[in-house]
Amino acid sequence: MRRKVLVIITCAMLIQTPFVVQASMPVPDLLPFGQLKLDEPSAEETGQISGNSEERDAGEEEKAETAQDVLEGDTIGSSVIFISDKTAEDYELAYERAKNANWGYTNLGIADVSDNLNIRAIAAEDGRLVGKLPRNAACEVLDTDDTWAHIKSGSVEGYVSLEYLLTGVPAKFRAEELAVTVAKVATDGLNVRAEANTESEVITLVAQGEELEVAAVEGDWVKVLLDDDEVYVSAEYVEVSAQLATAVTMSELLYGQGISDVRVDICQYAKEFIGNPYVWGGTSLTKGADCSGFVMSVFKKYGVKLPRTSRTQANSGKTIKVAEAKPGDLIFYAKGKTINHVAIYIGNGQVVHASSPKTGIKISNVSYRSPFKAVRVLYD
């Protein structure tokens, strides 16, 4: 009799055991998309600035979105999938959005160079140049070996020396310092105003797709930097986000037919200083220059003497139509009808200029703001 009782008790325990194990022990993930971090990521892990993820102004930098955020706080561990009302598609979307939270990069790389990092078609020092990754510009690292990294940045894909590329945690730390909040123009011909109201003077127009650096968001208006001026655009017509600089294609560095050697040389020389600082009143191509100081110093090397300010430079040489500009001609911009900025046209619809204290010397589209006039100071 005792033996029968023991058998019955043992069977009862065996029947109960699977339910206890299922409730208390971790169960392997049921979804095939990999492991997800369950803890709330720190700012160092996400590379983002914290903030309220449910209600925020358009100008706030976005908080890195974790999978928990997407799933409205539901735990991701498989032990609760049995009681969750989320579908497999919800979890896959959460994973995709969370893993790309670091400014859109899954495996972020940052160019750790003093000027530009060459991007080559093949992983070899004699490989054909396909682009350049400016100092502190970002890329997606697709693959690496002991010497080379296969990357994609902007529209450029190729290979760079791994020695000059930050990856992993160092790249995220550097990116946190470099990320710039920009307002991308979402309409054709956006009015830029001196003050945050529709009665204010229209300073210039900015073309659709152009990006303006954000200084602040003030209700229905976004204060932006137009070169070194603080101006305003309607928040309704821009998309605000945090971004990192990307690579420059070789086509952006080339010229059309019939351009003299001196014009090519001037443009190439000017582009050597991309990434160097903007300093108001400065004329140093390495330590810092403002827009007119940059132009004056570039042309001085080629024996062309120009006045010191953009306003006086605009009265030098011969005025031409902007559409007739050749590489090496000067493009002027104005606040209202007062000239306040100058750039060097480098071909392919682009200019190089000392833009602002935050961006330094950079390449922009010639129509990043409405050109006021063009001037030719080279007579070749």
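When reading the values below, keep in mind they use all heavy atoms of this one structure, side chains included, and skip hydrogens, waters and symmetry mates.
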Query raised in the report: On the ring face of F299, is K305 found with NZ or CZ under 6.0 Å from the centre and within 45° of the axis?
Result: no
Query - Salt bridge R308-D290, side-chain N to carboxylate O under 4.0 Å - result: yes
**Report entry** Pair K152 + E140: basic N to acidic O under 4.0 Å
**Finding:** no
Query raised in the report: Hey, does the side chain of Y345 reach the backbone of G349 with a donor-acceptor pair shorter than 3.5 angstrom?
Result: yes
Requested in this report: Return the minimal non-hydrogen interatomic distance between A270 and I344, and the atom names on each side.
Outcome: CB-CD1, 4.2 Å
Report task. Answer with yes or no whether the hydrophobic clustering places V352 together with V298; edges join I, L, V, M, F, W, Y residues whose side-chain heavy atoms lie under 4.5 Å apart. Result -> yes
Query raised in the report: Yes or no on side-chain contact (heavy atoms from CB on, under 4.5 Å) for L190 and L205, after CA distance, side-chain angles and deciding distance?
Result: CA-CA 5 Å; L190 178 63; L205 299 178; over 6 Å; no
Report task. Please answer whether the main-chain N or O of Y368 pairs with a side-chain N or O of N365 as donor and acceptor at a distance below 3.5 Å. Result -> no
Query - Salt-bridge present (K132, D115; N to O < 4.0 Å) - result: no
Requested in this report: Please step through side-chain contact (heavy atoms from CB on, under 4.5 Å) for the pair D227 and H353, ending with a clear verdict.
Outcome: CA-CA 9 Å; D227 298 320; H353 58 137; 3.4 Å; yes
**Report entry** Derivation of the side-chain contact (heavy atoms from CB on, under 4.5 Å) call for Y278 and K358
**Finding:** CA-CA 8 Å; Y278 174 104; K358 286 192 175 181; over 6 Å; no
Query raised in the report: Between E218 and K223, is the closest basic N to carboxylate O distance under 4.0 Å?
Result: yes
Query - Check ion pair R174-D112 (N to O, under 4.0 angstrom) - result: yes
Query raised in the report: Relative to the ring of Y302, is the ring of Y269 parallel (under 30°), tilted (30 to 60°) or perpendicular (over 60°)?
Result: perpendicular
Requested in this report: Check each of V295, N315, T312 against P307 using the side-chain contact (heavy atoms from CB on, under 4.5 Å) test, and report the only one that passes.
Outcome: T312
Report task. Kindly determine whether R120 and D126 satisfy salt bridge (Lys or Arg N to Asp or Glu O under 4.0 Å), including the steps that lead there. Result -> CA-CA 8 Å; R120 300 187 181 276; D126 59 352; over 6 Å; no
